[in-house]
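Just so you know, ligand 1 is whichever comes first in the structure, and atom 1 is the first atom listed for that ligand.
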Amino acid sequence: MSKQKVTGLILAAGKGTRMKSDLPKCLHKVCGVPMAKLVADSLIAAGVDEVVILVGHGGESLIQALGHGYKYAWQHEQLGTGHAVQCALAELGPLDGTVMIVCGDTPLISTQYFQDFLKVHQDSERVCSLAVAELPDATGYGRVVVFSGEAKRIIEQKDASPEEKQIGHANAGMYCVEGDELSEALKTLKSDNAQSEYYLTDIVGYFDSTGRSVNAFISNDPAIMMGVNNRKQLAEANAILKKLTNDRHMLNGVTIVDPGNTYIGPFVEIDTDSIIEPGTHLIGRTTIGKNSTIGPNTRLTDVSVGDNCFVFFSHADSAVIGSNVKIGPFANIRPKSLLGDGVRIGNFVEINRSHLHDGAKANHLTYIGDAEIGHETNIGAGTITCNFDGFKKYRTEIGSDAFIGSNSTLVAPVKIGNGAIVAAGSVITNDVLPNDGAFGRARQENKSGWAARWREIKGNG
Ligand code: UD1
Ligand code: MG
């Protein structure tokens, strides 16, 4: 069969009443990622040509959170999953090729599963295929009447008779349908059911009764089909995805000391022989090189860490960290920071929008903001770059092999040359030339015998 266009359509317009939330359901996060984004990125990784996310309730906040990497369509009034697809087609026009319809609240479906399902559908040359999970207890899901590998019809929980409720085949809410036939099927939907909604599920019965039998793609791993409708299921989905992700990393050669207490997002990459200590959260597009130890109690969001690093009891966000870097305890590396190889960042140090070149050190109690620090430069304890005058931010530039004495205040904009030394306790307001010494502090005066005289005066008083 020649390859034809595949559109992934994600239904994410529902309010999610059972979540009891102001947030639209599909924006709730599983392992740190909104459910709709997990589904969308899995579909993209599976190779669909285009992803369309159908939004409605809280649509603006969903689009804002998910960004412009996807196409969106609107369902302004939520009249059911069938109506949702009708709205998508009304906005986008009829869709060519295969439409893969997925619910935005089934966050565990993997890329592999999407690929397998699509292949089975394409090979079957049917008009429609349905993803089915065989469950010991399918309560809550639509029940699928399956007969010799074909899906005959779907009955929703609220419409099911006591006998139908015994059916263990659950509708995973996922369909592959040929676009032209989908438009026809949607025209036949009616809302004469317990919820007075236009159910997408009814297309299965329509196709079957009009002589186009529907392929039932029955899963041997039903946990991944889980639909999240309330906060309890949200926590369950989180636990399942967390375990799947941690298991994958461990089998790839990463040591996770306490997997139950380690939170790794689905898009994180970790190279072999790295160790993840307990209480660690690796979020977003974080990548960790080889042989690095992260944690305990560390949170990295969209951070790239090189090889042989040690990052413990610290936070970092949107930063790039080289190899052989040591960070912590209690460091805060803020966005747009770049730390070269061999950099050392110690306790209570904050780095913000700054570039520390290879071998630079800031070991204690320091704020470095809007700065460039040359290689092998040492920043003494308590150094502060004063980058903000209450109105604008200014830069501090320090060359290589420089030495900034403890408790120095560098008032930006200011430049300190290569090899310069700033005396401890200085307030630096003027540029310092290379290899110069800068003394920006009050001159000390010692008064002979003054302390003894002072005690005498005070003691007699
Ligand atoms: C649906 C299926 C059910 C299946 C289950 C799988 C129907 C009628 N029922 O039930 O057979 O077992 O999913 O998880 O399809 N949505 C819209 N617009 C709407 C209504 C819903 O976009 O008007 C979206 C929701 O945001 C959600 C998805 O469609 O992402 C499913 O809706 P939900 O209300 O959760 O349906 P279920 O009751 O779970
Ligand atoms: Mg649901």
Side-chain angles (χ1 to χ4, degrees), residues 8-19 21 23-28 30 34-40 52-59 61-62 66 72-91 101-109 130-135 137-146 151 153-160 164-165 167-175 177 185-186 189-205 216 219 222-234 236-237:
L9 176 60
I10 301 173
L11 306 185
K15 180 176 188 314
T17 312
R18 292 162 281 182
M19 295 296 279
S21 174
L23 208 62
K25 173 166 69 174
C26 297
L27 246 193
H28 282 266
V30 169
M35 291 196 276
K37 182 171 167 53
L38 280 173
V39 177
V52 179
I53 304 178
L54 186 89
V55 299
H57 183 84
S61 52
L62 223 138
L66 267 56
Y72 296 94
W74 281 85
Q75 181 195 26
H76 293 286
E77 208 184 346
Q78 285 75 54
L79 303 178
T81 48
H83 177 252
V85 180
Q86 284 171 344
C87 290
L89 295 199
E91 192 174 327
I101 306 170
V102 190
C103 292
D105 67 346
T106 50
L108 303 181
I109 299 179
L130 177 75
V132 176
E134 193 161 8
L135 302 177
D137 176 10
T139 304
Y141 291 97
R143 308 303 206 285
V144 188
V145 177
V146 178
R153 61 194 181 97
I154 303 174
I155 312 108
E156 287 304 292
Q157 169 83 25
K158 288 188 178 152
D159 301 295
E164 287 165 335
K165 284 184 182 148
I167 297 175
H169 285 123
N171 171 24
M174 192 174 154
Y175 316 72
V177 198
L186 290 173
L189 298 184
K190 296 194 176 67
S191 60
D192 53 352
N193 51 53
Q195 301 183 81
S196 303
E197 287 185 357
Y198 296 92
Y199 291 165
L200 181 60
T201 48
D202 287 346
I203 65 171
V204 170
S219 172
I224 65 163
M225 329 286 272
M226 179 181 178
V228 171
N229 293 319
N230 58 44
R231 309 272 183 150
K232 205 167 149 281
Q233 291 168 334
L234 185 70
E236 283 162 19

Considering both backbone and side-chain atoms of [X], is one of its nitrogen or oxygen atoms within less than 3.5 Å of a nitrogen or oxygen in ligand 1?
X: G227; value: no
X: G142; value: yes
X: Y175; value: no
X: G14; value: yes
X: T81; value: yes

Which of the ligand 1 atoms, numbered from 1, are nearer than 4.0 Å to a heavy atom of [X]:
X: Q75; result: 17 (C), 18 (N), 19 (C), 22 (O), 23 (O)
X: C103; result: 28 (C), 31 (C)
X: K25; result: 35 (O)
X: Y199; result: 8 (C)
X: C26; result: 30 (O)
X: N229; result: 35 (O), 39 (O)

Look at the side chain of [X] and the backbone N and O of [Y], then say whether any donor-acceptor pair between them is shorter than 3.5 Å.
X: N229; Y: Q233; result: no
X: Y141; Y: G227; result: yes
X: R231; Y: M19; result: yes
X: N171; Y: V144; result: no
X: K25; Y: V228; result: yes
X: Q86; Y: L186; result: yes

With the threshold set strictly below 4.0 angstrom, can you tell me whether any protein non-hydrogen atom sits that near atom 1 (C) of ligand 1?
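No, there is none.
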Students should be able to answer this: which protein heavy-atom is nearest to [atom], and at what distance?
atom: atom 12 (O) of ligand 1; answer: N171 O, 2.6 Å
atom: atom 30 (O) of ligand 1; answer: L11 O, 2.8 Å
atom: atom 23 (O) of ligand 1; answer: G80 N, 2.8 Å

For a side chain to side chain donor-acceptor pair (under 3.5 Å) with R143, tell me which candidate from E164, E156, Q157, H169 qualifies.
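Considering E164, E156, Q157, H169, a side chain to side chain donor-acceptor pair (under 3.5 Å) with R143 is found only for Q157.
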Minimum heavy-atom separation for [X] to [Y], with atom names?
X: C26; Y: L62; answer: CB-CD1, 4.4 Å
X: L135; Y: A170; answer: CD1-CB, 3.8 Å
X: P222; Y: E134; answer: CG-O, 3.6 Å
X: A237; Y: L108; answer: O-CD2, 3.6 Å

Pick from V102, T81, I101, L9: which one makes a side chain to side chain contact (heavy atoms under 4.5 Å, CB included) with Y175?
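Answer after filtering V102, T81, I101, L9: I101.
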So which of V146, I154, I203 actually passes side chain to side chain contact (heavy atoms under 4.5 Å, CB included) with L130?
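Only one option passes, and that is I154.
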Structural part of A13 in contact with ligand 1, heavy atom criterion under 4.0 angstrom:
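Both the backbone and the side chain of A13 come within reach of ligand 1.
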Answer whether the closest heavy-atom distance between the side chains of T201 and I155 falls below 4.5 Å.
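The answer is no, as the side chains (C-beta and beyond) never meet within the 4.5 Å cut-off.
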Excluding waters, which protein N, O or S atoms are within less than 2.8 Å of the Mg ion (ligand 2)?
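D105 OD2, N229 OD1, with waters left out.
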To the nearest 0.5 Å, what is the distance between CG on L200 and CE on M174?
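So the CG of L200 and the CE of M174 are separated by 13.0 Å.
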Just to be sure I'm reading this right: ignoring hydrogens, which of E156, Q157, R18 gets closest to atom 38 (O) of ligand 1? Compare them by their nearest heavy atoms.
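Closest candidate by heavy-atom distance is R18.
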Does even one non-hydrogen atom of A170 get within less than 4.0 Å of ligand 1?
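No.
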